[in-house]
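Here is how names work: the chains are called A, B, and so on, in the same order as the sequence lines, proteins then strands, and each is numbered from 1. Remember, it's a predicted structure, so these values are computed and weren't measured experimentally.
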Amino acid sequence: MAAELPNSTIADALEELGDLYELDGAIVHRVLAYRTAARSVRESPVSVAALARAGKATQIAGIGATLQEKILALAETGVIPAAEKLRAKFPPGLIAITRLPGLGPKRARLLHSELGIEDIEQLRAAALAQKLRDVRGLGPKFEANVLLALQDGAPASSAPRVLLPKAIELGQALIVGLRESAPRDAQLELAGSARRLADSVKDIDIIATTAEPEALSGLVADLEQIESVSSSGPAGARARTHSGISVDLRIALPAQHGNLLQHFTGSGRHNAALREGAVRRGLHVSEYGVLNDADGISRTCAEEREVYELLGLAWIEPELREDRGELEAAVLSDPSGAGLPELISQQDIRGDLHSHTIASDGRNTIGEMAKAARELGYEYLAITDHSASHGFGNDVSPEELRRQIERVKEANSAIEGIELLAGSEVNILPDGSLDYEDELLAQLDWVVASVHTSFGMAEQAMTERMITAIEHPLVDAIGHPTGRMIVRREPYAVDLEAVFAAAARTGTLLEINANPDRRDLSDVNARAAVRAGVRIVIDSDAHRIATLANMRWGIATARRAWLRKEDVANTLPWAKLRKQRKRGRGKR
DNA sequence: GCCGTTTTCGGCCCGACTGTTTTCAGTCG
């Protein structure tokens, strides 16, 4: 099988084409169509190039005959003719200009046609020379704002994103700060992507209800985390923290609490799709209410559930609100009865199968980890220190692992109320082999195999490497299967379709690693894995007592992946799970 | 460009804010 053009490359090309069409003055819906298609391609679990070759790419939402043809051209010739033409028309620097705050495609095009500006440097020079104010439709204020945007340093595209735990911590701190002096009746809560438990968050959205909105709004400027407030009024305030994160506070009457919470939880795409569906039923949804064309009455909702009810939908868990099929599944009268999944929750987890101790790079002893896991209510904990070639000076030699197995057994007999499993997080070497002998691995209760080296391998070699490990009869699970670090590192090149097929075929579990930096598999990939017949294990990968609690971020990813309790192996008691291990198959 | 309890054309979410405008276009979330 020849390597296909990666979905990410196709998605990038469609996004660029969308940008170019936007500069060219295409109607917004056409541009939007490209962006929707790009996102669908990026999230597709199967190769879109291969689908296009088979004439089946149109099965993907947002891709029609035209786009399939363009994708095919890109896959076969490396270029999309329409993009070539437009690139000749607009200099590449113009797209960067459209990313600056306050500038968009229309103004970028105007600057290009009127002043011949081709990139950010020329824009800066023209602004300094006060040439922008002479362009019809622009003025001195605009010119000043351009200079401000350019001087701000950070090009808008690289606005800082914070990981979910940080975002929630910041959001809660802001809420606590506001509560200290807020009007008595004020109710505050975190909304936006933090409420949806997304991987990372671009801005903090807080909603509030109170009868004294101005009083609440005015408090934002006094918060210690806030650097500046850009607007403030009875509807809320918009501000920036010292760390550069923007904060949005929106205030409504208690009777509109449900409308506001729904609106501000998003995602933007979920809301857009929700509203498009509503319009077909003669309803218009906004943060203020649901307007019915039939009687001209706008109904307000104190509870979020009522908003969905008015639209004939079941309430949708915030984690699912990404326009990934949740609206179709929520239709109450849906004859297909597909419905929304009953999502897994923290209480369903019976044990943690990936943790480290002082034997490798952890900070606590076996006994300390065991007690902490027991306090979390777990029935079992696997101690899975790194293996013989970890390479950070804390390798566990085969002899040491034998001693560690004994230590785990001793600790297990010494503690009541939790079962300790002797395991290892074994390195998958570049050729797919493991760095302990099978004889030793066979003595372990649990084996997680992970890639920790040679991330830069070509896709085909990496795929073979992983499949070799998956096919190893003693490997129970693959740890952090794509190696991504949120915000910091892209996943390595690997054919996940093939990996999922191998995992499903062999009964190897794939991990959702709950470390908030990783959350790997991602929501989209974990969902695709389960659809391909793979079972998932959610692990904390704790390196100290405190990080056992990271499990919650893995649960968040699993919920965003539509996973139910039955999709996740460590919702089973160990006695059951033990028999389902690969090596247990066929026995008995 | 896509898509169909408006099916092969004519629609395609909603509102706020800003700056430039005498009524609105562009941008943003």
Side-chain angles (χ1 to χ4, degrees), chain A residues 14 17-18 20-22 24-40 57-71 80 82 97-111 132-146 148-149 156 159 191-193 201-205 207 230-238 246-250 252 259-260 262-291 293 298 311-312 323 327 331 333-335:
Chain A
L14 294 180
L17 194 47
L20 287 166
Y21 275 129
E22 192 174 38
D24 201 33
I27 62 161
V28 62
H29 302 108
R30 190 174 173 204
V31 176
L32 225 56
Y34 275 89
R35 295 195 175 141
T36 305
R39 176 200 183 232
S40 287
T58 53
Q59 290 171 0
I60 296 175
I63 295 187
T66 308
L67 279 178
Q68 171 162 272
E69 201 177 302
K70 290 190 157 125
I71 291 167
I80 301 174
I97 290 180
T98 67
R99 305 264 193 267
L100 293 169
L103 280 114
K106 299 277 163 54
R107 283 172 186 158
R109 193 181 176 199
L110 188 66
L111 292 166
L132 304 186
R133 58 183 64 186
D134 298 333
V135 177
R136 183 172 167 74
L138 308 180
K141 276 259 175 66
F142 173 80
E143 197 171 78
N145 284 337
V146 166
L148 200 67
S193 48
V201 170
K202 196 156 61 72
D203 44 35
I204 307 286
D205 295 320
I207 70 152
S230 57
S231 70
S232 175
R238 162 146 263 213
S246 63
V247 176
D248 251 333
L249 170 70
R250 286 289 292 270
N259 303 100
L260 186 61
Q262 195 287 321
H263 168 76
F264 235 38
T265 296
S267 65
R269 287 175 186 276
H270 172 87
N271 284 353
L274 174 105
R275 290 166 179 186
E276 277 165 23
V279 168
R280 279 183 236 126
R281 304 170 60 115
L283 300 165
H284 302 272
V285 180
S286 79
E287 58 265 54
Y288 301 108
V290 179
L291 172 68
D293 281 339
S298 182
L311 305 177
D323 191 25
L327 289 161
V331 174
S333 59
D334 180 12

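Nearest approach of A/Leu67 to A/Ala33, heavy atoms of both residues: CD1-O, 4.5 Å. Of all the heavy atoms in A/Gln262 and A/Val285, the pair that sits closest is OE1-CG1, 4.5 Å. Shown here for A/Arg109 and A/Gly25, the closest heavy-atom pair between the two residues is NH1-CA, 3.9 Å.
Per the geometry, CG belonging to A/Leu110 stands 13 Å off P belonging to B/dT20, to the nearest Å. Whole-Å rounding puts the A/Leu138 CG to B/dT20 C1' distance at 9 Å. A/Leu274 places its CG atom 12 Å from the P atom of B/dC13, with the value rounded to the nearest Å. For the pair A/Tyr21 OH and B/dG1 C1', the interatomic distance rounds to 9 Å; values are reported in whole Å. Between the C1' atom of B/dG1 and the CZ atom of A/Arg35 lies a distance of 13 Å, rounded to the nearest Å. Summarising the geometry, the separation between CG on A/Asn259 and P on B/dC14 is reported as 14 Å, rounded to the nearest angstrom. Atom CG of A/Leu311 and atom P of B/dC13 are 15 Å apart (whole Å).
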Generate the contact string for nucleotides 22-29 of chain B. Rules: B means base contact, S means sugar-phosphate contact only, - means no protein heavy atom under 4.0 Å.
----SSSS

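Taking A/Arg30 as the reference, A/Tyr21, A/Ala26, A/Ile27, A/Tyr34 meet the side-chain contact (heavy atoms from CB on, under 4.5 Å) condition, with sequence neighbours excluded. Partners of A/Ser232 under the side chain to side chain donor-acceptor pair (under 3.5 Å) rule, at least two apart in sequence or in another chain, are A/Ser217. Residues satisfying the side-chain contact (heavy atoms from CB on, under 4.5 Å) test with A/Thr265, not counting sequence neighbours, are A/Ala191, A/Arg195, A/Arg196, A/Leu261, A/Glu304, A/Pro318, A/Arg321. Among residues two or more places apart in sequence or in another chain, the salt bridge (charged side-chain N to carboxylate O under 4.0 Å, His left out) test is passed with A/Asp248 by A/Arg238.
Nucleic acid contact class of A/Ala65 (heavy atoms, under 4.0 Å, all strands): sugar-phosphate only. Residue contacts shown for A/Val31 are absent, as no nucleic acid heavy atom lies under 4.0 Å away.
For A/Phe142, taking side-chain heavy atoms from C-beta onward, the closest of the listed nucleotides B/dG15, B/dC2, B/dT20 is B/dT20.
Look at A/Ser231 and you won't find any side-chain N or O under 4.0 angstrom from OP1 or OP2 of B/dA16. For A/Asn145, a side-chain nitrogen or oxygen approaches OP1 or OP2 of B/dG19 to under 4.0 Å. A/Tyr288 has no side-chain polar atom (N or O) that falls below the 4.0 Å cut-off from OP1 or OP2 of B/dC13.
Spacing of C1' atoms, B/dT20 relative to B/dA25, comes out at 9 Å, to the nearest Å. As rounded to the nearest Å, B/dC14 and B/dT7 have C1' atoms that lie 26 Å from one another. Between B/dG11 and B/dT6, the distance separating the two C1' atoms is 8 Å to the nearest Å. Comparing the P positions of B/dG15 and B/dC9 gives a spacing of 32 Å, expressed to the nearest Å. Spacing between B/dT21 and B/dA16 at atom P, rounded to whole Å, works out to 24 Å. Comparing the P positions of B/dC13 and B/dG19 gives a spacing of 27 Å, expressed to the nearest Å.
Proximity of A/Leu291 to A/Leu283: side-chain heavy atoms (C-beta onward) are nowhere separated by under 4.5 Å.
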Close N/O contacts between protein and nucleotides 3-12 of chain B (under 3.5 Å):
{"unit_1": "B/dC3", "atom_1": "OP1", "unit_2": "A/Gly62", "atom_2": "N", "d": "2.8"}

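Across all strands shown, the partner of B/dG4 is B/dC9, judged by Watson-Crick or G-U wobble contacts whose two distances both fall under 3.5 Å.
When the nearest nucleotides of DNA chain B are assigned to A/Gly268 and A/Ser230 by heavy-atom distance, the more 5′-ward of the two goes with A/Gly268. Map A/Arg250 and A/Arg136 each onto its nearest nucleotide of DNA chain B; the residue landing nearer the 5' end is A/Arg250.
With respect to A/Arg35 and A/Glu22, a salt bridge is recorded, a charged nitrogen being found less than 4.0 Å from a carboxylate O.
For the residue pair A/Arg275/A/His263, the side-chain donor-acceptor check at 3.5 Å is satisfied.
Atoms CD1 and OG1, on A/Ile60 and A/Thr36 in that order, are 13.0 Å from each other to the nearest 0.5 Å.
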